[in-house]
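One structure below.
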Amino acid sequence: MATSFIRTPRQYEQDCHILHSYFSGNVGAISNKEVVGIFVNRDSNALKLIRQTYSHWYGQDLLQFVSNVQRNNSFARIAYLRMVEPYERDAQLMRHSLFGGSLNLNTLIEVACTRPSSELLQIKHCYQTQYKSDLEKDLTMKINGGFKEILVAVLRSCRNYGSKVDMSLAMCDAKTLYEALESGKNIDQRTIISVLSRRNNGQVRAILSSYKQLYGHELSKSVKRSKCGQFGKELQVVIRCIQHPEKFFAKQLRMKNADGREILIRTVVTRSRIDIKGINKAFATKTGSSLENLVVREFGSSKNKNNDIVVGILVGLIKGG
């Protein structure tokens, strides 16, 4: 859990001393527990103040330092993800998923569909500032098929981020979506995209809840039918991610691929204090094992001296919720 008491400048200096000793190779002067405690128990504001204090005392941007070595260093990757501003982190994830080599649809879906609409707006602004490019246009250029329209619609919906959830409107939209899916020989893709582009993520979740209340099953079940085609399959992925993000993340963690460690680190760090306990439960339901056990399997058997700290931080974030 994040520390609840107000930390003094002296305490931030002590944290900086611990980190400087570690990164300077003077590990005998500190314990792994001290390093782990900083990244488990400090909230985002405290970590920002640690960065400022570190810069003052040691003349170095701590975030830039860990950024430079994060590619092949799991601890540095964790440290970076814990310290960077969430909207900056997510703008980078989107950019890399689009232009980092092969297209990474799963990460694009992850960011677009699991972040609150207010954060999506910040991500789009940061993307524009950092890369001098428009995120929606880049998505349109790089993605084909239904995912292009669906994800762009989700991104556009963030313009309505300040709106409160309106259950009456959600009921009306649920009926509109039912008609779009059920009334004709083919589904009405234009209407579905229109609804997704005009309602923020919170409102979309209310629509999905209303849909089940009205028709006795989730909307994702309706798009399983053969007439929905490929668009329906892609819509189902996005809808399920918005409605049940914990299941989406748990599925990602079960997949065996070259990015397995990155997905594990990113999921635990970015979803800690949000829904990591729900993800852990969903993962355990499908696998019979916990995320803590997955962390130990991935990092506990290596002789890399950083890995004890990696395990300590990740397990601490999972347990802290």
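Just so you know, these numbers use all the heavy atoms, side chains as well, and skip hydrogens, waters and symmetry mates.
Taken from NZ in Lys175 to CD1 in Ile207, the straight-line distance is 13.5 Å, to the nearest 0.5 Å. To the nearest 0.5 Å, atoms CG (Leu291) and CG (Leu264) are separated by 7.0 Å. Once rounded to the nearest 0.5 Å, the distance linking CG of Leu49 with OH of Tyr12 reads 4.5 Å.
Between Leu120 and Asn201 there is a side-chain heavy-atom pair separated by less than 4.5 Å. At least one side-chain heavy atom of Leu135 sits under 4.5 Å from a side-chain heavy atom of Leu98. Residues His17 and Trp57 form no side-chain contact, since every pair of their non-hydrogen atoms from C-beta on lies 4.5 Å or further apart.
Side-chain heavy atoms closer than 4.5 Å link hydrophobic residues (I, L, V, M, F, W, Y) into clusters, and following such links, possibly through other members, connects Val296 to Ile265. No chain of hydrophobic side-chain contacts below 4.5 Å, direct or via other Ile, Leu, Val, Met, Phe, Trp or Tyr residues, connects Val69 to Met83. Grouping the Ile, Leu, Val, Met, Phe, Trp and Tyr side chains by contacts below 4.5 angstrom, directly or via other members, places Val154 apart from Leu169. The cluster map of Ile, Leu, Val, Met, Phe, Trp and Tyr, joined by side-chain heavy atoms under 4.5 Å apart, puts Ile276 and Ile274 in different clusters.
Checked by atom type, the side-chain pair Asp138/Tyr127 shows a donor-acceptor distance below 3.5 Å. Counted by atom type alone, Asn68 and Gln64 present one or more donor-acceptor pairs between their side chains at under 3.5 Å. In this model, no donor atom of one side chain and acceptor atom of the other lie less than 3.5 Å apart for Glu298 and Asn307.
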Fill in: Pair Leu139-Leu155, side-chain contact (heavy atoms from CB on, under 4.5 Å): steps then yes or no
CA-CA 10 Å; Leu139 277 171; Leu155 288 175; 2.9 Å; yes
Query - Residue pair Tyr80, Gln92: steps toward the side chain to side chain donor-acceptor pair (under 3.5 Å) verdict - result: CA-CA 12 Å; Tyr80 179 80; Gln92 291 170 359; 2.7 Å; yes
- request: Kindly indicate, with the supporting measurements, whether the criterion ring-ring contact (aromatic ring centres under 6.0 Å, His included) is fulfilled by Tyr22 and Phe75.
  value: CA-CA 11 Å; Tyr22 181 83; Phe75 169 61; 5.1 Å; yes
For Tyr211 and Ser222, what are the C-alpha separation, side-chain angles and deciding distance, and is it a side-chain contact (heavy atoms from CB on, under 4.5 Å)?
CA-CA 10 Å; Tyr211 193 98; Ser222 294; 2.8 Å; yes
- Query: So Leu235 and Gln189, side-chain contact (heavy atoms from CB on, under 4.5 Å) or not? Walk me through it.
  - Reply: CA-CA 10 Å; Leu235 177 64; Gln189 295 184 21; over 6 Å; no
Can you check side-chain contact (heavy atoms from CB on, under 4.5 Å) on His244 and Phe248, steps first, answer last? CA-CA 7 Å; His244 303 295; Phe248 173 86; over 6 Å; no
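Here Lys277 does not pair with Glu246 in a salt bridge; the nearest charged N to carboxylate O distance is not below 4.0 Å. Between Arg77 and Glu262 a salt bridge is recorded (basic side-chain N to carboxylate O distance below 4.0 Å). Ionic pairing of Arg240 and Glu218 is not present here: no N-O contact between side-chain nitrogen and carboxylate oxygen is shorter than 4.0 angstrom.
The one candidate from Gln252, Glu110, Met255 that meets the side chain to side chain contact (heavy atoms under 4.5 Å, CB included) condition with Ile263 is Gln252. Each of Tyr58, Phe65, Tyr54 was checked for a ring-ring contact (aromatic ring centres under 6.0 Å, His included) with Phe23, and the lone residue meeting it is Phe65.
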